Amino acid sequence: MFGPNTHFKFEGRISYSHRDTEFKQLFERVSDLFKKKFSLQDYDILFIPGSGTVGMESVIYSLNKKLYFPNDDGKFNQRWISMAKNYSKLSDTNQESLTIGCSLETSLSKHNEEPFDIVDSISSFPYYEINPQSRVFVTCCNKQIGSFVGLSIVGVRKDSWDLFNSTNSSDEDMQYSYLDLFRYKNYSLSSQTPTTTAVHIFSHLEKTLSVFDLNSHRAKISSISLELVKALGNENIIGDLSGPVITVPQEAISKQVSEKWSLYGGKEENDPYQIFTYSCDLDDYLNFVNDLELLGNG
């Protein structure tokens, strides 16, 4: 319960494929709506089938420059460092390199305001907006946005395509790969993706975006964070006291409460619980807080 993916119900009927005209029109509407909803007109928006991790790997794979990590703390920074090593893109200096990092290092429950060139916004967006100095961002539609798992969203600032190797390069050593961002860019010009796309995700994403209210979304996260911290105590919070995820050591929550609510995390000794503050209805959080008060903390 209260995990990183938003809970929702879905009923729908899809009667066309990802190569039909209906999908191309849907693709264009979703792309335009996403830019308008979050004021991202300066970015080209790419949709990559897969998780946010696939989006990050596509960016790292496609870059023609080295990457420097100002911060290396946390599970996800370490994941991206490993990927950078895999593709020989890791640098130990910021000279002639691009900076990269997490806007929200979820494993530490810590927001970083530093304007990285390449920013992992998978867990932070849109509670935390994209810094306009960032040249590339990666997020996904299943976390805060509240749609299906299975679609990564990559934004490339329109003046920053020179950071990537072009699919049209005459370099004979260029590898054919579906991680290639230029392949997605080229297909997006025809309102398509190069791989088979789950049409139902785009359909649901359009409906979700059409009613998404950013101010209400941020207010909900801040309000739920406040209630959780009030019930648990500042001293029992790891990292930020307000934001998309509240992290709590195991000993701060009784086993009775954690088992009743099937809390996210806590699978191993010293593995904290994480309560994502956007994924469930407000009443669920209030009932959880009530149990904390009635049944006691750890």
Side-chain angles (χ1 to χ4, degrees), residues 1-10 37-38 52 73-76 102-113 120-130 139-147 149 208-209 211-298:
M1 194 70 169
F2 310 126
N5 297 323
T6 298
H7 297 195
F8 63 86
K9 293 181 180 180
F10 172 73
K37 184 69 68 169
F38 303 115
D73 294 337
K75 171 183 175 181
F76 293 98
C102 300
S103 173
L104 175 64
E105 175 49 73
T106 316
S107 66
L108 303 176
S109 216
K110 183 178 180 180
H111 172 52
N112 194 326
E113 295 183 356
D120 164 6
S121 296
I122 295 169
S123 292
S124 65
F125 181 82
Y127 182 78
Y128 297 113
E129 63 184 15
I130 304 298
T139 189
C140 62
C141 67
N142 55 285
K143 293 185 183 292
Q144 290 189 46
I145 292 175
S147 191
V149 173
T208 302
L209 288 173
V211 298
F212 190 94
D213 184 90
L214 185 54
N215 290 331
S216 297
H217 175 76
R218 287 172 171 163
K220 174 186 175 182
I221 286 176
S222 297
S223 174
I224 290 170
S225 297
L226 180 64
E227 292 298 323
L228 289 170
V229 173
K230 192 187 305 181
L232 291 162
N234 290 24
E235 69 279 5
N236 288 319
I237 306 300
I238 298 171
D240 297 342
L241 297 178
S242 182
V245 60
I246 299 296
T247 301
V248 186
Q250 280 191 43
E251 59 270 20
I253 297 178
S254 69
K255 188 174 182 180
Q256 184 179 5
V257 173
S258 66
E259 289 182 349
K260 176 180 178 179
W261 288 90
S262 300
L263 293 182
Y264 186 86
K267 302 300 183 185
E268 300 176 1
E269 187 177 357
N270 298 322
D271 181 25
Y273 296 118
Q274 291 200 297
I275 304 167
F276 290 82
T277 52
Y278 55 82
S279 58
C280 298
D281 292 336
L282 177 59
D283 286 345
D284 291 324
Y285 292 99
L286 296 179
N287 289 333
F288 172 66
V289 167
N290 187 56
D291 275 355
L292 285 173
E293 295 171 346
L294 288 177
L295 302 177
N297 299 350

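Here the structure is a predicted model, which is why all the values come from computation and not from measurement. Numbers here simply count residues along the sequence, with the first being 1.
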Rounded to the nearest 0.5 Å, how far apart are CD of Glu293 and CG of Leu232?
9.5 Å
Under 3.5 Å, side chain of His111 to main-chain N/O of Asp240, donor-acceptor pair present?
no
I'd like to know whether CD of Glu269 has more than 12 heavy-atom contacts from other residues, nucleotides or ligands below 6.0 angstrom.
no
Mind checking whether Ile224 and Ile246 have side chains closer than 4.5 Å, heavy atoms only?
no
List the atom of Ala231, the atom of Val289, and the distance in Å for their closest heavy-atom pair.
CB-CG1, 3.8 Å
Going by heavy atoms in the side chains, are Trp261 and Ile253 under 4.5 Å from each other?
no
Under 4.5 Å between any side-chain heavy atoms of Glu129 and Arg218, yes or no?
yes
Ile275 side, atom CD1; Ile237 side, atom CD1 - distance, nearest 0.5 Å
7.5 Å
Is there a donor-acceptor pair under 3.5 Å between the side chain of Asp281 and the backbone N or O of Asp284?
no
Do Asn234 and Leu241 have side chains that get closer than 4.5 Å, going by heavy atoms?
yes
Just to verify, which of Ser103, Ser107, Ser109 counts as forming a side-chain hydrogen bond (donor to acceptor under 3.5 Å, both in side chains) with Glu105?
Ser107
Please confirm whether the backbone N or O of Ser121 pairs with a side-chain atom of Thr139, one donor and one acceptor, at under 3.5 Å?
yes
pair Pro272-Gln250: side-chain heavy atoms closer than 4.5 Å:
no
Under the criterion side chain to side chain contact (heavy atoms under 4.5 Å, CB included), I'd like the reasoning laid out for Val257 against Phe288: C-alpha separation, chi angles, the key distance, then a yes or no.
CA-CA 8 Å; Val257 173; Phe288 172 66; 3.6 Å; yes
For Lys220, I'd like to know if atom NZ has over 12 heavy atoms of other residues, nucleotides or ligands within 6.0 Å.
yes
Does Ser225 use its side chain to pair, donor to acceptor, with the backbone of Gly243 at less than 3.5 Å?
yes
Name the orientation class of the two ring planes belonging to Phe276 and Tyr264 (parallel below 30°, tilted from 30 to 60°, perpendicular beyond 60°).
perpendicular
Pairwise side-chain contact, Lys143 with Ile122, heavy-atom cut-off 4.5 Å (strictly under)
yes
Working to the nearest 0.5 angstrom, can you tell me the gap between Leu286 CG and Glu227 CD?
6.5 Å
To the nearest 0.5 angstrom, please state how far the OG atom of Ser279 sits from the CD atom of Gln144.
10.0 Å
Output the distance between atom CG (Asp291) and atom CD (Gln256), rounded to the nearest 0.5 Å.
8.0 Å
Correct closest heavy-atom pair for Ser242 and Tyr127 would be OG-OH, 3.7 Å
Validation row: Pro244, Tyr128 side chains within 4.5 angstrom (heavy atoms)
yes
Give a yes or no answer on whether the side chain of Thr247 reaches the backbone of Gln274 with a donor-acceptor pair at less than 3.5 Å.
no
Under 3.5 Å donor-acceptor, Asp271 side chain and Lys267 backbone:
yes
CG/Asn236 to OH/Tyr273 distance, rounded to the nearest 0.5 angstrom?
13.0 Å
Closest contact, heavy atoms only, Ser123 versus Thr106:
OG-OG1, 3.1 Å
In short, Cys102 meets Asp120 closest at the heavy-atom pair SG-OD2, 3.3 Å
Indicate yes or no: at least one non-hydrogen side-chain atom of Thr6 is less than 4.5 angstrom from one of Asn142.
no
Taking the six-membered ring for Trp, are the ring centroids of Phe212 and Phe38 within less than 6.0 Å of each other?
yes
